[in-house]
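Owing to the predicted nature of the structure, the values given are computational and were not obtained by experimental measurement.
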Amino acid sequence: MLKISVGRAVWLSAVMVVLGAGSRAAEPERVGGLIGYTEFRTDLPGGRWANIATMRAHVVGVDGSGRRPVAAELLDQAHVWTQFAGWSEDGQTAIVYRGWNDPENGRWEETHRTFRMEPDRWLFDSYLVDLATGRLTNVTGVDRVSHYNSGLFYLPGGQKLAFTALIAGVSKPYVMDLDGHHKQDVSGGGSGFAYGYSASPDGKMISYHENYQIYLANVDGSGKRQIETGNPFNFGPRWSPDGQWLLFSSGRHGNSYPYIVRRDGSGLRKLADTGGYQGWVLFLDVDDYHEGSSDVPAWGANGAWIYFTTKVGDRTTEIVRANVSGNVEQLTRSDPGTLNYQPIPSLDGKWICFGSTRSGRRQLYVMSAAGGNARAITDVPRGHGALWPYWQPTSESARSSPLR
């Protein structure tokens with residue numbers, strides 16, 4: 001068992017032997033099922049905006065075969081980008097973001113090191129993409145409530161959609177019909193900046209963080225109540241598969257830990273330490289004033305394990321998992337300076353997809369949920385990156401193995 005403490009790692013016993021950078025994984029089987037993700041440039045001069053504008057949504061087979069772009073038709077003008085953002089419950093429809101930032105505004109943001117997401121300067125919408133036909137539906141553009149709409153997901157049961165809309169500088173959770181009509185603010189009258197919106201598996205409750213405090217509410221926004229952690233920074237609430245627990249990061253910005261709390265707000269506790277991990281991954285090779293992308297803990301499929309990133313030594317981050325009792329196992333063991341990050345478990349609980357710099361580039365890898373051989377499923381060239389994987393829900397991918 002591995003016990004993680006701030007700034008150091010204390011080995012109690014070896015849990016398993018896993019690949020480090022430069023090790024060779026077994027060849028994968030050719031299986032069905034896809035992983036959606038995003039490719040982009042990482043080294044263009046001009047900072048965040050210049051590189052973000054190169055983002056392109058892709059899918060790839062779980063074994064690394066069949067890589068192809070998704071929704072290329074959305075790239076219909078200069079400075080537009082796409083980002084893969086999720087799936088329908090049956091895996092037949094992809095969620096893809098289309099973003100545009102006026103170049104002059106992008107340069108202003110770099111100079112002033114802050115976002116200026118105003119109408120006519122930004123346009124960010126969430127599309128549904130039918131993989132069989134290629135049909136695109138801009139559901140956030142129907143009965144539009146905002147020029148910046150993100151975080152789109154299907155509510156459990158697949159009969160409603162949820163998303164986050166930026167209105168007058170304030171981000172609020174919304175629900176809507178599958179065709180984009182009947183948009184409804186479910187913030188419960190809150191005036192704070194809400195983000196990290198998610199729904200319980202039974203579809204009866206929602207959660208999000210507002211001004212970095214965690215809130216629970218009924219799905220229509222009523223009954224809103226705060227989870228009191230005593231910490232100034234709380235981020236990214238996610239429901240357990242049985243809907244009885246909520247998982248989130250809590251502490252202070254730049255040094256937070258995985259916490260869990262029961263659905264009724266009881267049983268709050270810190271799950272594990274993270275060795276002083278900052279809680280985000282820098283995904284560019286140039287300066288990024290927004291400090292990269294959040295790296296939050298994730299539930300395994302059956303709720304027995306929680307996967308997250310921890311710091312080991314001064315320059316290395318590793319993927320670990322913990323059970324709800326707080327027992328921690330280390331799943332990757334890498335060369336010094338390697339960054340492993342953003343572990344995403346498969347829907348059958350057998351595998352995880354994660355990002356790593358072990359090849360000298362930001363690639364995506366798949367390995368057993370218990371550790372073992374890891375195999376790259378992307379092969380972006382130097383100066384490029386691959387990030388933000390989403391497992392396609394399919395019965396075939398649940399039955400198949402991406403690694404021998």
With Glu109, which residues qualify under side chain to side chain donor-acceptor pair (under 3.5 Å), at least two apart?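 Asn101, Asn105, Trp122.
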
Could you pull out all residues at least two apart from Lys160 that satisfy side chain to side chain donor-acceptor pair (under 3.5 Å)?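 By the side chain to side chain donor-acceptor pair (under 3.5 Å) rule, Lys160 matches Asp177.
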
Counterpart residues, salt bridge (charged side-chain N to carboxylate O under 4.0 Å, His left out), relative to [X] (two or more places apart):
{"X": "Arg107", "result": "none"}
{"X": "Asp379", "result": "Arg361"}
{"X": "Arg315", "result": "none"}
{"X": "Asp90", "result": "none"}

So which pairs with a foot in [range] pass salt bridge (Lys or Arg N to Asp or Glu O under 4.0 Å), sequence neighbours left out?
{"range": "residues 240-258", "answer": "none"}
{"range": "residues 189-210", "answer": "Asp202-Arg263, Glu210-Lys224"}
{"range": "residues 291-304", "answer": "none"}
{"range": "residues 51-62", "answer": "none"}

Distance under 6.0 Å and angle within 45° of the ring axis: does Lys270 meet both against Tyr257?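 Judged by the rule, Lys270 and Tyr257 form a cation-pi pair.
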
Do Arg116 and Trp108 form a cation-pi contact, if we require the NZ or CZ to be under 6.0 Å from the six-membered ring centre and within 45 degrees of the ring's axis?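 Flagged: Arg116 positioned over aromatic ring of Trp108.
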
Do any N or O atoms from the side chain of [X] and from the backbone of [Y] form a donor-acceptor pair under 3.5 angstrom?
{"X": "Ser249", "Y": "Asn234", "answer": "no"}
{"X": "Tyr97", "Y": "Gly151", "answer": "yes"}
{"X": "Gln226", "Y": "Glu228", "answer": "no"}
{"X": "Asn51", "Y": "Leu44", "answer": "yes"}
{"X": "Arg48", "Y": "Glu110", "answer": "no"}

Neighbour count above 12 (heavy atom, 6.0 Å) for [X] [atom1]:
{"X": "Asp264", "atom1": "CG", "answer": "yes"}
{"X": "Gln77", "atom1": "CD", "answer": "yes"}
{"X": "Arg269", "atom1": "CZ", "answer": "yes"}

Per the ring-ring contact (aromatic ring centres under 6.0 Å, His included) rule, what does the pair list look like for residues 46-75, sequence neighbours excluded? Tyr37-His58, Trp49-His79

Strictly below 4.0 Å, N to O, side chains only: are Asp288 and Arg113 in salt-bridge contact?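 No, Asp288 and Arg113 are not salt-bridged.
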
Using the ring of each side chain (for Trp, its six-membered ring), is [X] parallel, tilted or perpendicular to [Y], with breaks at 30° and 60°?
{"X": "Phe283", "Y": "Phe40", "value": "perpendicular"}
{"X": "Tyr365", "Y": "Phe354", "value": "parallel"}
{"X": "Tyr208", "Y": "Tyr215", "value": "parallel"}

So among [options], which one has a side-chain contact (heavy atoms from CB on, under 4.5 Å) with [X]?
{"X": "Val142", "options": "His182, Met176, Lys183", "value": "Lys183"}
{"X": "Tyr259", "options": "Asn231, Ile214, Ile227, Leu246", "value": "Asn231"}
{"X": "Thr378", "options": "Arg67, Arg362, Gln363", "value": "Gln363"}

Partners meeting ring-ring contact (aromatic ring centres under 6.0 Å, His included) with Tyr289 (sequence neighbours left out): Phe115

Sub-6.0 Å ring centroid separation between [X] and [Y]:
{"X": "Trp100", "Y": "His147", "result": "no"}
{"X": "Phe308", "Y": "Trp305", "result": "no"}
{"X": "Tyr197", "Y": "Phe153", "result": "yes"}

